Asks: 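One structure, pasted below without further comment.
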Amino acid sequence: MEHPLLSWKTISSERIADCKVFSVTHIRSRWVSGGQKDVHNFYLLHPCNWVNVIPVTQDRKVVMVEQFRHGIETVTLEIPGGSVDPEDASWQAAAARELLEETGFVSDDWVRVGFNHPNPALQSNICETYLARNVRQIQQPRFDESSSERISLRLVPLDDIPELIRSGTISHALVIVAFYLLQLHDDGKELFAY
C-alpha cells in the first residue's frame, strides 16, 4: 500500500536560474490520495555536493576557519569545507583539497564519519563529513584571484567544542552536524578520545 505522503508526482520541471554555486528549478507537483488532488509550485536549489572536514592536530586542537557570511552579515567560526568539484577523484579527495586550500594543512589519516542532507525541503545535495587526524601545516592558505573567500585560521582545543556550540559561538548548522556525526562515529569514542 502506498503511503499517502508519498503520493506527489512531478508534472513539470523548469530550470529558472543558474547562480554559479547552485541552480534553481521550478517544479509543479500533484498530490493524489484518497480521491483528493492538489497541485502546487515548488522551487528547488541544486548546489554541488559538499564536504566538511574536522581537522585535528596531534595536540588535539581543531583547525577552524573564521569568515564573513553574507546571509547573516557576520563572521562565523566553522570547520573547513566546500564543494565537491567534477575533477575531484572522490569525496575524500575533495575534503583533502578543501583542507589544503583553506588552511594549508594536510593529513595522512582520514576517517569518513557520516553524511547529511543539508536542507531536503529545498536542496538536492549531500554533505559528507571527514575527520582528518594529526594534521600539519605545509603551506599558507592559497586562494585563486577569482575566489571571494577571505579566511582567518583559529586553533581551538577539541575539548572546547561542546561549549562553543552551547554558547552559539559555533552556530553554522552543518558544523554542528559534523561534530555530532563525529560523536556518534564509533559509539562516540572519536570525539574526545582518539
Side-chain angles (χ1 to χ4, degrees), residues 2-33 37-55 64-103 110-132 141-151 170-182 184-185:
E2 188 173 321
H3 193 288
L5 295 180
L6 301 179
S7 299
W8 288 97
K9 304 294 182 216
T10 299
I11 300 167
S12 64
S13 176
E14 176 188 8
R15 179 180 278 188
I16 59 172
D18 188 350
C19 304
K20 187 177 175 186
V21 295
F22 64 88
S23 64
V24 181
T25 302
H26 167 237
I27 65 169
R28 289 184 54 79
S29 290
R30 176 181 291 124
W31 178 74
V32 179
S33 181
K37 294 181 182 179
D38 223 352
V39 175
H40 290 276
N41 294 307
F42 297 93
Y43 296 88
L44 306 178
L45 303 178
H46 301 287
C48 296
N49 289 321
W50 299 331
V51 290
N52 267 338
V53 182
I54 302 172
M64 300 193 76
V65 296
E66 293 177 306
Q67 57 187 316
F68 185 84
R69 292 301 195 181
H70 292 271
I72 59 172
E73 296 185 333
T74 194
V75 173
T76 60
L77 180 62
E78 305 175 15
I79 53 178
S83 296
V84 178
D85 293 343
E87 57 272 6
D88 290 322
S90 66
W91 291 79
Q92 184 178 315
R97 177 185 50 74
E98 286 289 343
L99 177 63
L100 182 63
E101 285 175 4
E102 292 187 4
T103 69
W110 290 86
V111 178
R112 180 187 177 271
V113 295
F115 79 97
N116 65 76
H117 294 103
N119 185 355
L122 301 175
Q123 293 175 217
S124 60
N125 65 330
I126 293 172
C127 181
E128 284 209 354
T129 299
Y130 289 84
L131 168 66
R142 292 185 186 165
F143 306 104
D144 64 49
E145 292 190 13
S146 66
S147 173
S148 63
E149 290 183 302
R150 304 293 183 267
I151 292 174
I170 296 174
S171 63
H172 191 306
L174 294 177
V175 176
I176 295 169
V177 168
F179 282 112
Y180 183 69
L181 289 171
L182 179 60
L184 292 177
H185 181 74

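The model shown is predicted, which means the values in this text are computed figures rather than measured ones.
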Asks: Working to the nearest 0.5 Å, report the span between CD of Glu14 and CZ of Arg28.
Replies: 11.5 Å

Asks: Go through the steps to decide whether Asp85 and Arg97 satisfy the test side chain to side chain contact (heavy atoms under 4.5 Å, CB included), and finish with yes or no.
Replies: CA-CA 10 Å; Asp85 293 343; Arg97 177 185 50 74; 3.3 Å; yes

Asks: As an exercise, state the distance from CZ of Arg30 to NZ of Lys37, rounded to the nearest 0.5 Å.
Replies: 6.5 Å

Asks: To the nearest 0.5 angstrom, please state how far the OG1 atom of Thr10 sits from the CZ atom of Phe42.
Replies: 9.0 Å

Asks: Does atom CD of Glu73 have more than 12 heavy-atom neighbours, drawn from other residues, nucleotides or ligands, at distances under 6.0 Å?
Replies: no

Asks: I'd like to check Glu98 versus Val51 (side-chain heavy atoms, cut-off strictly below 4.5 Å). Are they in contact?
Replies: yes

Asks: Decide yes or no for Gln92 and Tyr130: does some side-chain heavy atom of the first lie under 4.5 Å from some side-chain heavy atom of the second?
Replies: yes

Asks: For Val175 and Asn52, work out which heavy atoms get closest and say how close.
Replies: N-ND2, 4.5 Å

Asks: For the residue pair Asn49 and Glu128, establish whether any side-chain heavy-atom pair is separated by less than 4.5 Å.
Replies: no

Asks: Heavy atoms, side chains only, cut-off 4.5 Å: are Asn116 and Leu174 in contact?
Replies: yes

Asks: Checking Asn125 side chain against Cys48 main chain: does a donor-acceptor pair fall under 3.5 Å?
Replies: yes

Asks: Roughly how far, to the nearest 0.5 Å, is the CD atom of Gln67 from the CG atom of Leu77?
Replies: 10.0 Å

Asks: If every non-hydrogen atom of Glu102 is compared with every non-hydrogen atom of Gly81, which pair is closest and at what distance?
Replies: OE2-O, 2.7 Å

Asks: Is any side-chain heavy atom of Met64 closer than 4.5 Å to one of Ile170?
Replies: yes

Asks: Would you say that Leu182 contacts Leu131 through its side chain, given a criterion of any heavy-atom pair below 4.5 Å between the two side chains?
Replies: yes

Asks: Quick one: do the His46 and Ser124 side chains pair a donor with an acceptor below 3.5 Å?
Replies: yes

Asks: Which atom pair, heavy atoms only, marks the closest approach of Trp110 to Val53?
Replies: CZ3-CG1, 3.8 Å

Asks: In terms of relative ring orientation, are Trp8 and Trp31 parallel, tilted or perpendicular, with 30° and 60° separating the classes?
Replies: tilted

Asks: Measure across Leu44 and Ala121 and return the closest heavy-atom pair with its distance rounded to 0.1 Å.
Replies: CD2-O, 4.1 Å

Asks: Contact between Glu66 and Thr76 at the side-chain level, heavy atoms closer than 4.5 Å - yes or no?
Replies: no

Asks: Looking at every heavy atom in both Pro80 and Leu99, which two are closest together, and how far apart are they?
Replies: CG-CD1, 4.0 Å

Asks: Measure the NE2-CD1 distance between His40 and Ile27 for me, rounded to the nearest 0.5 Å.
Replies: 12.0 Å

Asks: Do Trp50 and Ser83 have side chains that get closer than 4.5 Å, going by heavy atoms?
Replies: yes

Asks: How long is the straight-line distance from CG of Asn41 back to OG of Ser12, given to the nearest 0.5 Å?
Replies: 8.0 Å

